[in-house]
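See structure below.
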Amino acid sequence: GTMYSSTNARCGNGTVNFSLSGHVGTIDWWRYRYRNGSGGWSGWTTITNSDNVTSVNPSLNAWSAGSRTYEVQAAVKSGDCSTQYPSRQVTVDRPSVAGTVSSSLNTQCGGGAFTFSLSGHQGTIERWQYQSRDGSGGWSGWTTITETDNQTSVSPTLAEWSGGTRTYRVRATVKSGVCSTVYASKDVSVNPIPLAPTPSAPGAVCAGTTTTFSTSSGYDKWFTAATGGTAIHTGATYSQTLNTTTTLYVQSYNQYGCS
């Protein structure tokens with residue numbers, strides 16, 4: 001005869017109906033065995049020894065590390081004829097688990113590469129994607145980073161927005177067999193780098209004169225050295241009494257702390 005099942009694959013633990021039709025003879029028993037992944041088969045387990053039961057509903061359990069295949073078999077015998085063993089296989093997949101996405105940085109000044117990694121997931125990583133929004137605006141659509149199966153980390157280059165903070169949401173898509181797709185995501189922020197300042201000052205003044213220096217930006221730090229050192233003033237203007245030739249250096253920064 002021919003054996004049928006209510007499904008070819010199921011997600012997680014549960015019962016599956018198996019039925020036999022078109023057979024000639026007596027159904028002596030039903031039994032099952034299983035194997036994990038591509039491993040070897042287990043021994044047989046009896047489902048029922050009742051004569052002529054044409055369908056059974058065994059409870060089949062998933063394997064914690066991957067897919068488990070069950071083979072269900074019936075024994076059919078007619079008189080002195082040889083016993084026949086019709087069978088059918090079904091797969092039980094472990095439920096999908098999204099896991100956790102971590103990132104190399106939470107916030108960055110200026111565009112650049114971020115590394116995102118996924119751990120603690122259950123199933124196959126099908127793709128990585130990102131979307132973005134500027135300030136408090138709406139989210140963009142999803143852009144695919146990669147569709148390489150089971151790539152546990154990606155390093156996309158994320159661009160800044162000159163108008164303020166741009167937030168990126170990066171997600172991994174995880175699916176285990178026939179189980180539902182799940183998503184793990186992580187948000188990061190990219191803040192703009194300010195434009196270089198344009199300082200102005202009188203070209204020459206008399207010794208002992210108080211001179212005011214200014215820039216075009218409201219967020220500036222003033223230094224006496226080209227590199228290093230501690231700022232002597234913060235703000236768009238700086239006044240100093242000059243007795244000798246003096247060179248000052250200005251560094252712009254913004255409300256996001258970027259410079």
Inset, instruction - Output yes when a side-chain donor or acceptor of Ser140 lies under 3.5 Å from a complementary backbone atom of Gln131, and no otherwise. - result: no
Legend entry - Verify same cluster id: Leu118, Val182 (apolar side-chain graph, 4.5 Å): yes
Inset, instruction - Can you sort out the partners of Ser200 under side chain to side chain donor-acceptor pair (under 3.5 Å), two or more places apart, ordered by chain and number? - result: Ser214
Inset, instruction - Please name all residues satisfying side chain to side chain donor-acceptor pair (under 3.5 Å) with Thr7, sequence neighbours left out, ordered by chain then number. - result: none
Legend entry - Thr45: partners by side chain to side chain donor-acceptor pair (under 3.5 Å), with sequence neighbours left out: none
Inset, instruction - Mind checking the OH-OG1 spacing from Tyr183 to Thr173? Nearest 0.5 Å is all I need. - result: 5.0 Å
Inset, instruction - Start with the C-alpha distance between Val90 and Leu60, add both sets of side-chain angles, then the distance that settles side chain to side chain contact (heavy atoms under 4.5 Å, CB included), and finish with yes or no. - result: CA-CA 10 Å; Val90 297; Leu60 308 182; 3.7 Å; yes
Inset, instruction - Taking the side chain as every heavy atom from C-beta outward, state whether Pro156 and Phe116 have any pair of such atoms under 4.5 Å apart. - result: yes
Inset, instruction - State, with a plain yes or no, whether a side-chain heavy atom of Thr107 is found less than 4.5 Å away from one of Asn191. - result: yes
Legend entry - Heavy-atom closest contact (Val97 atom, Val174 atom, distance): O-CG1, 3.6 Å
Taking distance alone, no hydrogens or angles, what donor-acceptor pairs closer than 3.5 Å link side-chain atoms of residues 122-130 to residues at least two apart or in another chain?
from   : atom 1 : to     : atom 2 : distance (Å)
Gln122 : NE2    : Pro95  : O      : 2.7
Arg127 : NE     : Glu147 : OE1    : 3.3
Trp128 : NE1    : Gln151 : O      : 2.7
Gln129 : OE1    : Arg171 : NE     : 2.9
Gln129 : OE1    : Arg171 : NH2    : 2.9

Inset, instruction - Can you tell me which residue pairs pass the side chain to side chain donor-acceptor pair (under 3.5 Å) test with a partner in residues 53-66, sequence neighbours excluded? - result: Asn17-Asn57
Legend entry - Under the side chain to side chain donor-acceptor pair (under 3.5 Å) test, residues paired with Thr48 that sit two or more places apart: Ser50
Inset, instruction - State the CH2-OG distance between Trp139 and Ser132, to the nearest 0.5 angstrom. - result: 7.5 Å
Legend entry - Any residue meeting salt bridge (Lys or Arg N to Asp or Glu O under 4.0 Å) with Arg133, in chain and number order, not counting sequence neighbours: none
Inset, instruction - Return the minimal non-hydrogen interatomic distance between Ala236 and Asp220, and the atom names on each side. - result: CA-OD2, 4.0 Å
Legend entry - Summary of salt bridge (Lys or Arg N to Asp or Glu O under 4.0 Å) pairs that have at least one residue in residues 198-210, sequence neighbours excluded: none
Legend entry - From Cys258 atom SG to Glu160 atom CD, the distance as rounded to the nearest 0.5 Å: 8.0 Å
Legend entry - Residue pairs involving residues 21-31 (criterion side chain to side chain donor-acceptor pair (under 3.5 Å); sequence neighbours excluded): Arg31-Gln73
Inset, instruction - Would you kindly say whether Thr209 and Thr211 are connected by a side-chain donor-acceptor distance under 3.5 Å? - result: no
Legend entry - Point-to-point distance, once rounded to the nearest 0.5 Å, from OH of Tyr85 to CE of Met3: 12.5 Å
Inset, instruction - Any side chain to side chain donor-acceptor pair (under 3.5 Å) involving residues 86-102? Give me the pairs, sequence neighbours left out, ordered by first then second residue. - result: Ser5-Arg88, Asn8-Arg88, Ser67-Asp93, Glu71-Ser87
Inset, instruction - To the nearest 0.5 Å, tell me how far Ser162 OG sits from Ile193 CD1. - result: 12.0 Å
Inset, instruction - Would you confirm whether Asn254, through its side chain, and Gly257, through its main-chain N or O, come within 3.5 Å as a donor-acceptor pair? - result: yes
Legend entry - Linked, directly or transitively: Trp44 and Tyr70 (ILVMFWY side chains, under 4.5 Å): no
Using distance only, find each side-chain donor-acceptor pair of residues 242-251 under 3.5 Å and give its atom names and separation, not counting sequence neighbours.
from   : atom 1 : to     : atom 2 : distance (Å)
Asn243 : OD1    : Gly208 : N      : 3.3
Thr246 : OG1    : Thr244 : O      : 3.0

Legend entry - Lys221 atom NZ: more than 12 heavy-atom contacts under 6.0 Å: no
Legend entry - Full working for side chain to side chain contact (heavy atoms under 4.5 Å, CB included) between Tyr168 and Val190: CA-CA 8 Å; Tyr168 285 88; Val190 179; 3.9 Å; yes
Inset, instruction - Taking the side chain as every heavy atom from C-beta outward, state whether Leu20 and Pro86 have any atom pair closer than 4.5 Å. - result: yes
Legend entry - Minimal non-hydrogen separation, Tyr32 against Val72, with atom names: CB-CG2, 3.9 Å
Inset, instruction - Applying side chain to side chain contact (heavy atoms under 4.5 Å, CB included), run through Phe18 and Tyr4 and close with a yes or a no. - result: CA-CA 6 Å; Phe18 295 84; Tyr4 300 91; over 6 Å; no
Inset, instruction - Decide side chain to side chain contact (heavy atoms under 4.5 Å, CB included) for Val170 and Ile145; before the verdict, give the C-alpha distance in whole Å, the side-chain angles of both, and the deciding distance to 0.1 Å. - result: CA-CA 9 Å; Val170 174; Ile145 302 169; 4.1 Å; yes
Legend entry - Ala62 versus Asn13, closest heavy-atom pair with distance: N-OD1, 2.7 Å
Inset, instruction - Could you tell me whether the side chain of Lys186 and the main chain of Val188 form a donor-acceptor pair under 3.5 Å? - result: no
Legend entry - Joint hydrophobic cluster, Val205 plus Tyr238, side-chain heavy atoms closer than 4.5 Å: yes
Inset, instruction - Give a yes-or-no answer on whether the side chains of Thr237 and Thr212 include a donor-acceptor pair shorter than 3.5 Å. - result: no
Inset, instruction - Only counting residues at least two apart or in another chain, list the ones meeting side-chain contact (heavy atoms from CB on, under 4.5 Å) with Thr157. - result: Ala113
Inset, instruction - Measure across Ala231 and Phe223 and return the closest heavy-atom pair with its distance rounded to 0.1 Å. - result: N-CE2, 3.4 Å
Inset, instruction - Measure across Pro192 and Thr165 and return the closest heavy-atom pair with its distance rounded to 0.1 Å. - result: CD-N, 4.3 Å
